[in-house]
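Working notes, structure below.
It should be emphasised that the depicted structure is a prediction, and the values quoted were computed from it without experimental measurement. Note on naming: letters A, B, ... go to the chains in the order of the sequence lines (proteins, then strands), and numbering restarts at 1 for each one.
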Amino acid sequence: MATASKDYDFSSIEPKWQAYWADNATFEAKDFEDKPTFYVLDMFPYPSGAGLHIGHPEGYTASDALKRFKKAQGHNVLHPMGWDAFGLPTEQYAIKTGTHPAITTKQNVANFTQQLTQLGFAYDWNREVNTTDPGYFKWTQWIFMQLFKKGLAYVDEKPVWFCPELGTVLANEEVLNTPEGPRSERGSFPVERRPIRQWVLRITEYAERLIAGLKDLDWPDSTKRLQENWIGRSEGAEITFDVSGHAAQLTVFTTRPDTLYGATYMVIAPEHPLVPTITTAEQSDAVAAYVEKAKSKSDLERAELAKEKTGVWTGATAVNPINGREIPIWVADYVLMTYGTGAIMAVPAHDVRDFEFAKEFGLEIIQVIEDGGEAAKDAEGALLEAYTGSGKLVHSGEQSGQDSETAKAAVIQRLAAENRGKATIHFKLRDWLFSRQRYWGEPFPVLWVSESDYAKVDDSLKSVDRPVTCLIEGELRHAIILPEAELPLELPVVESYTPSPDGQSPLSKAGDWLHVYIDPKTGATSAEARDGWIQGIRETNTMPQWAGSCWYYLRYIDPKNSEALIDPEKEKYWGMPDLYIGGAEHAVLHLLYARFWHHVLYDLGVVSDPEPFKKLFHQGIILGEDGEKMSKSRGNVVNPETIIESYGADALRLYLMFLGPLEAMKPWNTKGIEGVARFLRKVWRLVVGEEGGLQANIGEGTLDSETERLLHATIKKVTDDYSTLSFNTAISQMMICVNQLAKVERLPREAVESFVQLLAPLAPHIGEELWLRLGHTGSIAEAGWPKHDESKLVEDTVKIIFQVNGKYRGDAQLAVDVSKDDAIAAAKANERVQAFIQGKSIKKEIYVPGKIVNIVAV
RNA sequence: GCCCAGAUGGCGGAAUUGGCAGACGCGCUAGACUCAAAAUCUGGUUCCUUCGGGAGUGUGGGUUCGACCCCCACUCUGGGUACCA
């Protein structure tokens, strides 16, 4: 095993130790080992054809170092890797070349694996998962089955974003608002609204729990707030207004029932079902034209032209239930059909948008909350802006004089008594659009049967409480779920991976696969007709990429189990990830969807904790050398492989961590890597002599006390810094330490060994090689972790700073326990201090023990 | 517009119960070694200075014996979000 190389030759050392870790299963995580467990999870990558980007090794180096550190400290560490392999690029490559996505995926995974290995990331590959593997997606489908049976999945034909270029629908979250209008997040193609039949998951039923659960999570605050805002819980009231001269009533949602007396008009969304009903004959042309225009400008300009408020009076009026006032009902597109009830009571005095609208159309503005002088007013005392704060009510009948909070409750109570209102909570969060018209995704384990056949089907295959139905080619169909025995439902072989222009999935053309006979009792399927079996059509949509990534962290714990998603004993042994490292770009979607599924699995008793990710860390982004985001078009992309060729994986790992705080956004600087490369050569030379043997000055003996103190301080700091992922400062401390060790005449073997152990998690290849050359067998990862000796850190003298009027004027080494009087006396004895207090009167003398003396002299 | 994060030498960044600002590294620079270069090693490197000192952590105020750190107002940069009633 030992190589005799004299110089630091990373190109021979690194592959050697990578092979060693693989051959010896050094980082295999054994179930039920009697040690404290530590589960460190990386966000698994999409194995694209482009290979690893410099951003991947950043977070992965941190987790790899943490894993090695925790293992050395005696933990049983679980640190797996897998592939989020369903996805668009692979499918688009298939459309272009005809290559089956599974083949492309396999090649890409092989390439990624090789690149990760080259970086020295030693995962437990026995636990590798791949979302496209039938043994994996069987359980993705199984989870869907549970959602279906619980009534959390349904089909809807509401308008959704459709991208003609990609030939698929997109989730709201996959559509970006750009100056050119809404565009697809991937590829930036124009998108439009289209009504298409979709599977939707009722994530909104978990909204309350998803908000509440955030409280105890050790996540970056900004990420928690992002999720909070996304879920958008708001407390308020629903209030029902009578429409004059109609039986119809208009219900609005408001968070400010206290401002009800200030409601001077109402607005309903152009899509509101009551628009045609209440519009008067005189206004019908204008309203129809407005509604038509709102529809045609879709959300594209609607978001774009948000500055100008537009709208039309319907001709109808409503009655304010609190004071009987008659107020006009307008149609305007600043009210959205998709939030609340699609209608609002407008209180222009106390809502910015209503204020703008009222100004635009000359509608009445009545102030009902005192602003305490905060809002800008004109000479006559009329509001120049909306006052949105709280305060005492005025012009509000019997509520006048109450504060906002009291009035809110009082108004709700009053309306509730008349059955005209109630306290409610609304969420911004929408249900999760869960289907895609694509080939390369998990097929839904769903069959569509006729109404009469549905009656024959066993309840175990149904969503009993909330049956799912839809019209397919004009016929009413009922959804039933495949039984577990029929899973996994694999993708059929198709001739073309292209979706049809009408937005149908490529699966809709797989005739043999599409039509099946079903045993209504068991759900067994067959291509042949059988006695008593019914006919069905398979669902042709596939699941979105989020599906597979929603629960992969569970599968690592029990990756090969064909009987269950996860063995409960193993789930209890490992628990949930102790740390989850990944980019902030997933702050909302992935992390919210995964939490939702996890809550459902918790309800099902599959997992023992409602929250999956207790502690979350976002690594920052590495920018190009020009300080801009790395991109091919800018030509500032740094390729990890070329760096490894010239400097080695250890240097790259070290440098990635040395650049700055892990969470920060920081520019790459190729020259800077020279510094850590020099450091590694210095460490090498510390251990290995010019002739290739151990350095002659390594042996028995002790360090001088100053060096010894530094070594122990280094052990302490590095240990602390690793625990908090502060690798940049750990490296800086190790540099200081090695610079000192290089100056020492005789080096005790133990001191050198401790140092190498500290370095090994970040630079594992050189760590192993030096450990070997120091005469050890076995991996340094299993050699334990050095402990600092607190007694070695104790100093008997300490440097005390002398200040006059807060400015540094000198210092002295004084005994650690020097008294205040002695310290101040020492300061006054200092020549420079004397010069500055000469002829002045001393007002104050401050002594901060062990730190500073400050003499205030005027 | 709103929410969040940030601003420290030529550059990346250190420094927290409020106590020497600029650790460590890059770059630059002087020197040693060398015929020379690379590599390596040693020293210097915030700015101004009459060499006594003075100024200095985005800007302006404040609290304090003392502020990169705490408070108020603002500027700029990055990220998220987009009429959510």
Side-chain angles (χ1 to χ4, degrees), chain A residues 7 176-177 220-226 228-230 232-234 236 252-256 259 267 299 302-307 309 332-336 338-347 350-354 356-357 388 426-430 584-585 587-588 620-621 623 625 627 629 654-655 658-661 663-679 681-682 685 726 728-737 739 742 799-811 832 835-836 843-848 850-858:
Chain A
D7 297 322
L176 300 176
N177 249 318
D221 266 349
S222 55
T223 303
K224 284 201 204 180
R225 202 150 304 157
L226 227 51
E228 243 172 64
N229 291 345
W230 191 267
R233 181 182 195 275
S234 67
V252 302
F253 174 68
T254 178
T255 54
R256 296 295 302 271
T259 63
V267 184
D299 292 26
R302 212 160 138 173
E304 159 102 359
L305 303 172
K307 282 144 203 95
K309 291 271 184 294
D333 64 4
Y334 82 92
V335 170
L336 309 175
T338 45
Y339 182 79
T341 60
I344 61 157
M345 62 177 215
V347 185
H350 305 292
D351 182 282
V352 177
R353 297 148 303 178
D354 296 345
E356 283 173 22
F357 190 83
T388 56
H426 274 270
F427 294 92
K428 237 158 86 176
L429 184 70
R430 307 292 149 75
E585 67 273 19
V588 176
I621 297 173
L623 304 172
E625 239 159 326
K629 251 183 198 158
L654 218 43
Y655 187 53
F658 187 59
L659 271 177
E663 67 274 19
M665 188 181 275
K666 42 206 179 268
W668 176 264
N669 174 0
T670 299
K671 274 195 178 151
I673 200 173
E674 289 287 355
V676 293
R678 247 169 240 159
F679 166 68
R681 283 197 292 271
K682 230 181 252 182
R685 203 41 88 204
S726 310
N728 55 331
T729 46
I731 293 166
S732 140
Q733 181 68 29
M734 288 192 279
M735 284 172 165
I736 294 168
C737 187
N739 286 343
K799 187 161 142 194
I800 304 291
I801 306 305
F802 300 150
Q803 293 184 343
V804 178
N805 294 334
K807 289 219 167 75
Y808 171 82
R809 297 301 177 194
D811 58 63
R832 288 184 65 214
F836 281 92
K843 290 269 185 244
K844 205 169 183 180
E845 292 165 337
I846 293 140
Y847 174 58
V848 180
K851 288 192 171 153
I852 207 159
V853 171
N854 189 15
I855 297 170
V856 184
V858 184

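When all heavy atoms are compared, the tightest approach of A/G342 to A/V335 is O-CG1, 3.5 Å.
Atom pair A/D354:CG and B/A85:P shows a separation of 12 Å (rounding to whole Å applied). Residue A/Y339 contributes atom OH, which lies 14 Å from atom C1' of B/A82 at whole-angstrom precision. The nearest whole Å value for the distance from the CZ atom in A/F802 to the P atom in B/G19 is 19 Å. Atom NZ of A/K799 is separated from atom P of B/C20 by 10 Å (rounded to the nearest Å). Straight-line distance from the CZ atom of A/F253 to the P atom of B/A85: 7 Å, rounded to whole Å. Summarising the geometry, the separation between CD on A/E228 and C1' on B/U81 is reported as 15 Å, rounded to the nearest angstrom. One atom, OH of A/Y808, and another, P of B/A21, lie 9 Å apart when rounded to the nearest Å. Spacing between atom CD of A/E845 and atom P of B/G66 amounts to 16 Å, rounded to whole angstrom units.
Counting non-hydrogen atoms under 4.0 angstrom, A/D221 reaches nothing in the nucleic acid. A/I736 comes within 4.0 angstrom of the backbone, heavy atoms only, and of no base. Backbone-only contact: A/S234 has heavy atoms under 4.0 Å from sugar-phosphate atoms and none from a base. Across all strands shown, A/Q733 has no heavy atoms under 4.0 Å from either base or sugar-phosphate atoms. Here A/I801 lies in heavy-atom contact (under 4.0 Å) with a base.
B/C41 and B/G58 are spaced 35 Å apart, taking the P atom of each and rounding to whole Å. B/C33 and B/A38: their P atoms are spaced 15 Å apart (whole Å). Here the separation of B/A23 from B/G13, taken at their C1' atoms, is 10 Å to the nearest Å. To the nearest whole angstrom, the two P atoms, one in B/G19 and one in B/C71, are 15 Å apart. Atom P of B/C24 sits at a distance of 34 Å from the matching atom of B/C35, rounded to the whole Å. Nucleotides B/G78 and B/U16 place their P atoms 29 Å apart, quoted to the nearest Å. Using atom C1' as the reference point in both B/G10 and B/G27, the two lie 8 Å apart (nearest Å). For the C1' atom pair drawn from B/C47 and B/U57, the interatomic distance equals 13 Å after rounding to whole Å.
Atom-to-atom distance recorded for A/N229:CG and A/K428:NZ is 6.0 Å, nearest 0.5 angstrom. For the atom pair CZ (A/R256) and OG1 (A/T388), the distance works out to 7.5 Å, reported to the nearest 0.5 Å. Taking CG from A/N854 and CD1 from A/I801, the interatomic distance works out to 11.5 Å, rounded to the nearest 0.5 Å. A distance of 10.0 Å separates CG in A/N805 from CZ in A/F836, rounded to the nearest 0.5 Å. A distance of 6.0 Å separates CE of A/M665 from NZ of A/K629, quoted to the nearest 0.5 Å. Atom CZ of A/F658 is separated from atom OG1 of A/T729 by 10.0 Å, given to the nearest 0.5 angstrom.
Formation of a donor-acceptor pair under 3.5 Å by the A/Y655 side chain with backbone atoms of A/N669 is found in this model. The backbone N or O of A/F802 lies less than 3.5 Å from no partner atom in the side chain of A/R832, so there is not a single donor-acceptor pair. Here the side chain of A/K682 pairs no donor or acceptor atom with the backbone of A/N739 at under 3.5 angstrom. The closest donor-acceptor contact from the side chain of A/E625 to the backbone of A/T670 lies under 3.5 Å.
Not counting sequence neighbours, the partners of A/R233 by the side-chain contact (heavy atoms from CB on, under 4.5 Å) test are A/E208, A/I211, A/E235, A/I425, A/F427.
Between A/M345 and A/T259, some side-chain heavy-atom pair lies under the 4.5 Å cut-off.
Stem regions annotated for RNA chain B: B:1-7 with B:75-81, B:10-12 with B:24-26, B:27-32 with B:40-45, B:46-48 with B:53-55, B:58-62 with B:70-74, counting only runs of 3 or more consecutive pairs of Watson-Crick or G-U type with both contacts under 3.5 Å.
In the set B/A23, B/G27, B/A85, the nucleotide with an atom closest to the side chain of A/K671 is B/G27. For A/R225, whose side chain is taken as the heavy atoms from C-beta onward, the closest listed nucleotide among B/G79, B/C4, B/C83 is B/C4.
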Short heteroatom pairs, N/O only, protein and nucleotides 52-57 of chain B, under 3.5 Å:
from: B/G54; atom 1: OP1; to: A/R809; atom 2: NH2; distance (Å): 3.2
from: B/G54; atom 1: OP2; to: A/R809; atom 2: NH1; distance (Å): 3.2

Listing time: all N or O pairs from protein to nucleotides 45-51 of chain B that are below 3.5 Å?
none

Measure all distances between protein nitrogen or oxygen atoms and nitrogen or oxygen atoms of nucleotides 9-14 of chain B, and list the pairs falling under 3.5 Å.
from: B/G12; atom 1: O2'; to: A/L659; atom 2: O; distance (Å): 2.6
from: B/A14; atom 1: OP1; to: A/N728; atom 2: ND2; distance (Å): 3.0

Table of protein N/O atoms under 3.5 Å from nucleotides 40-44 of chain B N/O atoms:
from: B/U40; atom 1: OP1; to: A/R681; atom 2: NH2; distance (Å): 3.1

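With the nearest nucleotide of RNA chain B identified for both A/N805 and A/G672, A/G672 has the one nearer the 5' end. Of the residues near RNA chain B, A/K851 and A/V856, the one whose nearest nucleotide (by heavy atom distance) lies more toward the 5' end is A/K851.
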Working for side chain to side chain contact (heavy atoms under 4.5 Å, CB included), residues A/M735 and A/V676: CA-CA 9 Å; A/M735 284 172 165; A/V676 293; 3.9 Å; yes
Residues A/D7, A/R685; criterion salt bridge (charged side-chain N to carboxylate O under 4.0 Å, His left out); working and verdict: CA-CA 8 Å; A/D7 297 322; A/R685 203 41 88 204; 2.8 Å; yes
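Only one option out of A/D354, A/T254, A/D351 pairs with A/I344 in a side-chain contact (heavy atoms from CB on, under 4.5 Å); it is A/D354.
Side-chain to base pairing of A/K309 with B/C83: one donor and one acceptor N or O lie within less than 3.5 Å of each other.
For the pair A/K309 and A/Y334, the cation-pi criterion (under 6.0 Å, within 45° of the ring axis) is fulfilled.
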